[in-house]
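We name chains A, B, ... by the order of the sequence lines, and we start the count at 1 in each one.
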Amino acid sequence: MDVRGIVADEVTVRTVSTSYGETDLAEVPVRLVATDDAAAGTGPLADGGTESDASAPGDRGADTRAAGADGPIGDEPLEDAHELTTITCWNKWVESAELLEPGMELLVTNVEEDEYQGETQYTTTGDSYVVVEPSFLVNVTAIRNWVECPRLYYLNKLSGVPLNYPVVKGTIVHEVFGDLLRGRDLEESIDARVEERGLQLGLLGETPEAVAEDVRENAAAIEGWLEQGRLTEDDSWRSEQLLISETFGIRGRADAIRRGAPVELKTGKNLRKEPRFKDKVQAACYALLLEEHGDEVDTGTLLYTKNSALDRNEETGDLTPAKDFSMGAGLLKFVVRLRNEIAAMEVKGDVPTGYEGDAKCEYCFEQDTCMVVSGRLDQESKAGQIGQALPDEELEYFDRLYRAIEEERREVHREYAKLWQQDAQERADDDRALIDLEFVEKRPLEEGRWELRAKRTAGGASKLREGDLVLASDGHPVRGNAELAMIERLDDEVVLTADEPVEVCRLDVYPSELTTDRLLVAMHDFLLKGDGRRKDVLFGREEPSFSLPEETFIGNNAAQNEAVRKAVGADDFALIHGPPGTGKTYTIARAIRAMVERGDRVLLSAFTNRAVDNALEALLEQLEEHGEGVAPEAQREDGETVEVVRVGSESGVREDMLPYRLERAGDPEDRLAELENAQVVAATTATCGSRELKEQYFDVALVDEAAQLTEPGTFAAATLADRFVLVGDHEQLPPVVRAENDLTESLFERLVETHPDAGVMLDRQYRMNQRIQYFASQEFYDGKLRPAEPEVAARTLDDLVGVSRDALPPTLRDPVTFVDVEGDGSRYTDAAEAERIAELLETYADAGLRYEQMGVIAPFRAQVSTIASRVPDAVAVDTVDRFQGSSQELIVVSFTATGSLEGPIFEDYRRINVALTRPKRALVLVGDSRALESDPVYARMLEWADR
DNA sequence: GCTCTGCTCAGAGGA
């Protein structure tokens with residue numbers, strides 16, 4: 001029987017005498033939370049009787065959240081009626097119990113139940129595992145690093161692993177290993193895998209021939225070993241298996257599984273007879289993961305590919321680089337205790353010092369880095385400190401942002417936990433899974449991968465899109481057979497590619513920590529590697545300076561011209577505030593063109609792929625107009641032209657920008673030249689944090705839609721350049737973050753407030769009729785937003801070919817109208833509004849407006865689909881968030897609120913700003929006037945619309 | 001309570 005609970009009070013540790021002598025034990029007071037056992041009627045709560053209805057299985061998530069969000073202090077008592085009891089942990093589990101603090105979650109497997117003074121208590125048995133914060137998923141590599149040195153784990157997280165040859169070679173050997181297991185020809189595999197990493201190898205200055213030879217040497221050992229195995233036994237193999245354990249809170253990807261046991265491949269040196277301890281620990285992690293999926297695992301294999309040549313000539317007759325070893329229960333429990341140390345430290349927000357383990361600093365490669373980081377951040381560490389600590393305000397900044405990023409990471413972990421905490425239907429309702437699939441076929445591809453096809457048997461929306469990496473499973477993403485797969489096509493049929501032939505009938509969103517990791521590294525780089533002058537300016541110790549050019553860049557718009565001058569002349573940074581329709585993109589393009597003319601190398605970045613492609617498109621148009629840019633093919637040949645490169649995944653980059661996309665695969669020299677010769681590189685900020693771009697240097701980083709970026713997100717781009725320019729509008733949508741924390745304010749907004757002189761606001765808009773523009777200008781831009789030209793101010797639907805406002809009913813002739821609809825009272829949809837909107841669109845169509853010229857905006861996705869099902873496909877119907885950045889001749893806004901304006905979505909007025917500034921010639925607001933009047937901003941909006 | 005885009009994933013190794 002397993003028990004799960006929240007620690008209710010301090011843990012008591014004491015020594016007792018038993019028949020075996022003195023032993024330690026820890027008594028943990030807990031409030032029990034339902035486990036799956038309990039839900040099935042066999043657990044402690046069901047047995048207890050009275051408590052069982054107080055905790056449905058779904059409650060567990062809520063309790064976990066409360067524990068995580070409120071931290072270990074547990075200042076909010078769990079007032080509900082969960083049973084208070086004691087779990088006694090014996091022997092080595094005392095170490096894990098000592099990590100616990102009130103409020104933390106605890107899972108103990110295989111407990112013994114006993115009665116003590118009329119109360120049911122639990123005790124660990126010889127088969128028990130104690131798991132601290134089980135919903136905190138720890139990576140296998142994290143455990144491997146931690147066992148070497150806890151500080152190493154921390155440093156790795158903070159500064160990442162830079163591009164280096166041994167690592168890249170190791171990765172290629174692993175890929176070849178996987179290919180061999182899947183039956184691919186060795187030479188073909190080596191050639192293909194080396195080719196795939198062309199860009200990386202180019203950056204490292206390696207030639208494909210030398211790398212292939214190097215890989216061949218390692219692969220020979222693998223092949224020899226495989227051959228041996230095939231001759232003697234009937235092996236069952238599986239390569240690259242992704243494993244997640246809901247019990248142990250561990251996840252990882254095993255290199256291979258052979259007859260149910262893990263095989264770990266190591267391409268580094270190991271001259272000793274025994275496997276390295278950390279390698280054993282890594283294999284033991286996979287053993288634990290496999291155990292949860294079924295069988296007992298008691299052996300593991302470590303394959304040291306560099307060892308073959310050495311071992312072959314030894315008298316021992318050891319012909320194989322493989323080292324088999326047995327894994328006892330003791331090792332597996334040790335691994336769980338390591339994992340508990342990590343989870344407890346992360347939940348408490350502590351920083352490891354290195355004293356936790358017994359590693360020797362003098363043998364460590366990271367000793368210097370460790371000492372520098374300790375010195376700069378003023379952290380206690382076993383290696384000691386070098387250098388001077390950062391100023392207090394920077395240390396405070398580091399702590400605050402570190403905590404905020406880690407909170408984001410917790411949210412990602414919660415997404416993982418939902419993989420098993422939510423049932424299939426819940427996940428489907430949450431748009432996080434497709435569960436209606438019917439497996440059709442699997443087809444082997446030439447590269448040793450598989451193409452999987454499944455039919456969709458029901459409709460329904462989901463977050464999944466083509467190009468996404470997903471968990472493809474034959475039933476359950478954690479408990480069943482699951483594999484990471486790439487969505488190649490998604491319509492009524494789903495086409496996937498994956499390493500293994502899973503009989504897929506369900507797809508789940510795969511949560512990734514990648515962006516969180518990169519945020520942390522970006523912050524680290526800014527504070528610890530960044531130049532002093534930039535920090536002086538950003539921390540308010542120095543004023544930003546400018547060397548403004550006298551040149552006129554844009555003749556007919558003073559603010560735009562000033563913006564370009566500031567962007568070009570910034571010594572530190574410049575800010576361009578661009579309200580809706582003010583020609584922000586044009587200004588960016590003009591500024592980059594001017595920078596390029598001065599010989600600067602420019603990084604063009606933004607949070608979303610869409611924004612990057614939009615800005616790049618505008619730049620290419622300008623370059624073409626001025627005869628400096630040509631087709632991408634020619635750019636690579638001719639040094640005189642401006643070379644532009646778009647870095648990003650094939651599915652992320654918009655189709656018309658694909659010709660500019662930098663391929664990763666190919667000849668190393670060619671790929672390198674393509675990147676390094678590019679005078680303009682365009683990529684999302686997440687990609688700026690990639691290993692390939694991190695080594696690049698730019699004179700200027702220009703970041704568009706900067707108000708949508710967190711501070712560390714902005715730094716990911718800014719740290720690659722000498723100066724930076726941020727372009728955005730903090731009166732529109734803020735950064736997307738999962739947790740409420742210090743990441744919600746963008747660097748752009750902060751700098752606009754602290755350094756107003758470094759910025760320019762573009763004040764002439766080229767989009768909206770004056771009547772439409774009025775409200776947003778008054779409400780969000782101090783009345784400073786004005787039409788750029790009289791034609792803009794006066795534009796109406798009449799200007800459009802074939803449209804006549806006279807054909808509209810009198811109430812709709814004004815560019816802004818309000819249509820009062822009482823609504824149907826439901827929460828996230830409103831059929832009454834949807835009906836009315838469908839009629840309105842028809843009325844406009846009758847007056848000559850084409851459906852392609854209309855757009856409908858609603859706050860909720862549910863309402864978006866309600867409306868979409870009632871109007872012609874040509875009408876663009878979407879949420880506010882997805883409409884940002886585009887515009888339409890006619891916009892209809894559905895407010896979807898009856899009675900009162902409840903909900904966070906209405907509280908953020910920036911959304912309303914976005915919605916109201918999308919139309920060019922006509923805006924219709926549809927909603928319940930009683931609800932809208934209940935909020936002063938919305939009430940003013942009604943007054944304006946109803947005029 | 002709601003909106004939501006990123007990213008090949010995680011792990012690859014140095015003595």
A:Phe895 and A:Phe860 aromatic centres sub-6.0 Å: no
With sequence neighbours excluded, residues passing side chain to side chain donor-acceptor pair (under 3.5 Å) with A:Glu513: A:Arg251, A:Arg409, A:His413
So what does A:Ser649 touch, heavy atoms closer than 4.0 Å: a base, only the sugar-phosphate, or nothing? sugar-phosphate
So that I can compare with my own list, what are the stems of DNA chain B, taken as at least three consecutive Watson-Crick or G-U pairs with distances under 3.5 Å? none
Across the strands shown, which category fits A:Arg251 at heavy-atom distances under 4.0 angstrom: base, sugar-phosphate, nothing? sugar-phosphate
Gap in Å between the two P atoms, one belonging to B:dG6 and one to B:dC2, rounded: 23 Å
Describe the nucleic acid contact of A:Val161 in one word from base, sugar-phosphate, nothing, applying a heavy-atom distance below 4.0 Å. base
For A:Leu662, check side chain to side chain contact (heavy atoms under 4.5 Å, CB included) against everything at least two apart and list the hits. A:Leu199, A:Val645, A:Val647, A:Glu674, A:Leu675
Identify whether any heavy atom of A:Tyr510 sits under 4.0 Å from a base atom; if not, whether one sits that close to sugar-phosphate; answer base, sugar-phosphate or nothing. sugar-phosphate
Remember a base hit wins even if backbone is also touched, and classify A:Phe906 as base, sugar-phosphate or nothing at under 4.0 Å, heavy atoms. nothing
Could you check whether A:Ser512 gets within reach of a base, just the sugar-phosphate, or nothing at all, counting any heavy atom under 4.0 Å? base
How would you label the contact of A:Lys266 with the nucleic acid (heavy atoms, under 4.0 Å): base, sugar-phosphate, or nothing? sugar-phosphate
Name all residues meeting the side chain to side chain contact (heavy atoms under 4.5 Å, CB included) criterion together with A:Thr608; count only those two or more places apart in sequence or in a different chain, and write none if there are none. A:Arg610, A:Ala611
Under the criterion side chain to side chain donor-acceptor pair (under 3.5 Å), I'd like the reasoning laid out for A:Arg910 against A:Gln732: C-alpha separation, chi angles, the key distance, then a yes or no. CA-CA 5 Å; A:Arg910 289 174 285 196; A:Gln732 296 186 59; over 6 Å; no
Counting any heavy atom closer than 4.0 Å, what does A:Thr687 reach on the DNA or RNA strands: base, sugar-phosphate only, or nothing? sugar-phosphate
When rounded to the nearest 0.5 angstrom, what distance separates CZ in A:Phe177 from CG in A:Leu303? 5.5 Å
Measure the shortest side-chain to side-chain distance between A:Asp508 and A:Arg427 over non-hydrogen atoms and say whether it is less than 4.5 angstrom. yes
Quick check on DNA chain B: between A:Pro511 and A:Arg465, whose nearest nucleotide comes earlier from the 5' end? A:Arg465
Quantified in whole Å, what is the P atom distance between nucleotide B:dC4 and nucleotide B:dT8? 22 Å
Aromatic rings A:Phe748 and A:His730: how do their planes relate, parallel, tilted or perpendicular, breaks at 30° and 60°? tilted
Can you name the residues that form a side chain to side chain contact (heavy atoms under 4.5 Å, CB included) with A:Ala383, not counting sequence neighbours? A:Cys361, A:Gln367, A:Cys370, A:Met371, A:Ser381
Mind checking if A:Asp255 touches a base, just sugar-phosphate, or nothing, with heavy atoms under 4.0 Å? sugar-phosphate
Base, sugar-phosphate, or nothing for A:Glu264, non-hydrogen atoms under 4.0 angstrom? sugar-phosphate
Base, sugar-phosphate or nothing for A:Arg610? Non-hydrogen atoms, less than 4.0 Å. sugar-phosphate
Over all strands shown, is A:Gln282 touching base, sugar-phosphate only, or nothing at heavy-atom distances under 4.0 angstrom? sugar-phosphate
Heavy-atom closest pair (A:Thr896 atom, A:Glu833 atom, distance to 0.1 Å) is N-OE1, 2.9 Å
How would you label the contact of A:Arg664 with the nucleic acid (heavy atoms, under 4.0 Å): base, sugar-phosphate, or nothing? sugar-phosphate
Rounded to whole angstrom, note down the P distance from B:dC7 over to B:dT3. 23 Å
Just the endpoints, please: which first and last nucleotides of DNA chain B, 5' to 3', lie under 4.0 Å from a heavy atom of chain A? B:dG1 to B:dA15
Looking for any heavy atom pair under 4.0 Å, which part of the strands does A:Thr515 touch: base, sugar-phosphate only, or nothing? base
